Amino acid sequence: MGYKVRFVEPDVHYRRMKQEIDSAIQDVLARGDLVYRDQLRKFEHDLAAYVGAKFAVGVNSGYDALHLSLIAAGIGPGDEVIVPAHTFVASVSAVVHAGAKPILVDVAKDYNIDVRAVEHAITPKTKAVMPVHLNGRVCDMDQLMTIAEEHDLIVIEDAAQALGATFNKKGAGSFGLAGCFSFYPFKVLGAYGDAGAVTTNDEDLAVKIGRLRYNGEDRQTGEYHYHGYSCLMDNLQAAILGVKLKHLQNWLARRREVADMYMRGLSGLTDLQLPHFDGKENHDIYQNYVVRTTRRDELVRDLKKNGVEVLIHWPKPMWQHPGLELTVSDLPETEAICQEVLSIPMNAEITDENVQYVTKTVRRFYSG
Ligand SMILES: Cc1ncc(COP(=O)(O)O)c(C=O)c1O
């Protein structure tokens, strides 16, 4: 079905960027700069500076960023890693594939990990905690870092949805031992395929991930230091991301403008909770604009019928997928969220007119 208001508009995005992107691609192809060339080194340098970390290492995906960070941090069999239950499955799969046990804990009203639940979940086997900065909002990193220090836990941030978001003016991905980013096409900074990166202030970790992503090889000496993986960031994607990174602040400003328009247009509806939370420390970037209502399924149907494309992140708690073999205790907030949330169109390309159409359609639904 063709929607009047699409969730994302990658074709519009490309048309606006066409000249710059085409020229970056042609440059890479003409030079034959295909594997780990200047474009990747430059993107890593610029990304680290943007995030506020000393190093960035480009990898194949956000998942690989998480997986390699866990392995490089020495997390493996016998270890427990605390992860929020309300996250994309890749956060948890990375822990499983590192050989450790994910301990799923509940989230708070802002959809981010519940700091009290983290404290309760700590056992002698806990080696790390993975805060996920969901929907473009950084977790309360003051409290989380304090807990981590008290219990000697490694912090691996899943910042896949939060490039450019800050907490006390510090960038997502610059708090823990490692910050993990995804440049999946529909992220705020999206490649034309899969890509990801790890940011860190720890040189040893950066070097180790730099080798792990390339079959364990030190490219200067040719020495294979360990059995690694093939998950280097593609040089062509790095060139494209380098072009796009220069525009990111403008795109994030537009997202915040759209979020403000939604807030003005949708506030006052009793059954509709909007993602504008307390917390002066936070500067959110709205990777997703998630609203919450007890009439979620009806609202989704109504919006779709009226030509508004919406998504649900996520309709079923992770532990209810038997194939994932996850065991959990009581996680009431995550369970309720799965029944009540929907994400409405949010991107830097959406027009004011389309934002108004969405708000009008939602208001009409509630006025019966
Ligand atoms: C919270 C979160 N973690 C991890 C990932 C994995 O990133 P990728 O799709 O680049 O592997 C994503 C991507 O959707 C994500 O949203």
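Since the model is a prediction, treat every value here as computed from it, not as a measurement. Both counts, for ligands and for their atoms, begin at 1 and track the order of listing.
- For atom 8 (P) of ligand 1, the nearest protein heavy atom (residue, atom name, distance) is Gly62 N, 3.4 Å.
- Contact annotation: the side chain of Met130 approaches that of Leu66 to within less than 4.5 Å [non-hydrogen atoms, C-beta and beyond].
- Between the side chains of His13 and Lys244, at least one donor N or O sits under 3.5 Å from an acceptor N or O.
- Below 3.5 Å of separation, one finds an N or O of Ser182 facing an N or O of ligand 1.
- Crowding of Tyr224 atom OH: a count of heavy atoms from other residues, nucleotides or ligands under 6.0 Å not exceeding 12.
- Ligand 1 does not have His133 within reach: every non-hydrogen atom of the residue lies 4.0 Å or more from it.
- Ligand 1 places these atoms under 4.0 Å from at least one heavy atom of Ser91: 3 (N).
- At the top of the distance list for atom 12 (C) of ligand 1, counting protein heavy atoms only, stands Phe88 CD2, 3.5 Å.
- Among all protein heavy atoms, the one lying closest to atom 16 (O) of ligand 1 is Gln161 NE2, 2.9 Å.
- Looking at ligand 1, you won't find any N or O of Tyr184 less than 3.5 Å from one of its N or O atoms.
- Residue contacts with ligand 1, taken as heavy atom pairs separated by less than 4.0 Å, involve Ala160 solely via side-chain atoms from C-beta onward.
- A donor-acceptor contact closer than 3.5 angstrom is absent between the side chains of Thr361 and Asp302.
- The closest approach between Gly196 and ligand 1 stays at or above 4.0 Å for every heavy atom of the residue.
- Looking at atom 1 (C) of ligand 1, its nearest protein heavy atom turns out to be Asp158 OD2, 3.5 Å.
- Looking from atom 14 (O) of ligand 1 to the surrounding protein, the closest heavy atom is Lys187 NZ, 2.7 Å.
- Looking at Arg292 and Glu340, a side-chain N of the basic residue comes within less than 4.0 Å of a carboxylate O on the acidic one, giving a salt bridge.
- Against a heavy-atom cut-off of under 4.0 Å, Val132 is close to the following atoms of ligand 1: 1 (C).
- Of all protein heavy atoms, the one lying nearest to atom 11 (O) of ligand 1 is Tyr63 N, 2.9 Å.
- Salt bridge Arg301/Asp297: absent, no basic N to carboxylate O contact under 4.0 Å.
- Atoms of ligand 1 lying under 4.0 Å from any heavy atom of Ser61, numbered from 1 in the order shown and given with element: 10 (O), 11 (O).
- Salt bridge absent: Arg295 and Asp271 never bring a charged side-chain N and a carboxylate O closer than 4.0 Å.
- Annotation: Ala90 places no N or O atom under 3.5 Å from an N or O atom of ligand 1; distance criterion only.
- The aromatic ring centres of Tyr63 and Tyr184 sit 6.0 Å or more apart.
- Side-chain atoms of Ile209 and Ser69, non-hydrogen and from C-beta on, do get closer than 4.5 Å to each other.
- The distance criterion of under 3.5 Å between nitrogen or oxygen atoms is not met by Asp194 with respect to ligand 1.
- For the pair Glu257 and Arg264, the salt-bridge criterion is not met [side-chain N within less than 4.0 Å of a carboxylate O].
- Using cut-offs of 30° and 60° for the angle between ring planes, the Tyr111 and Phe277 rings count as perpendicular.
- Heavy atoms of Asp64 found under 4.0 angstrom from ligand 1: none, in either backbone or side chain.
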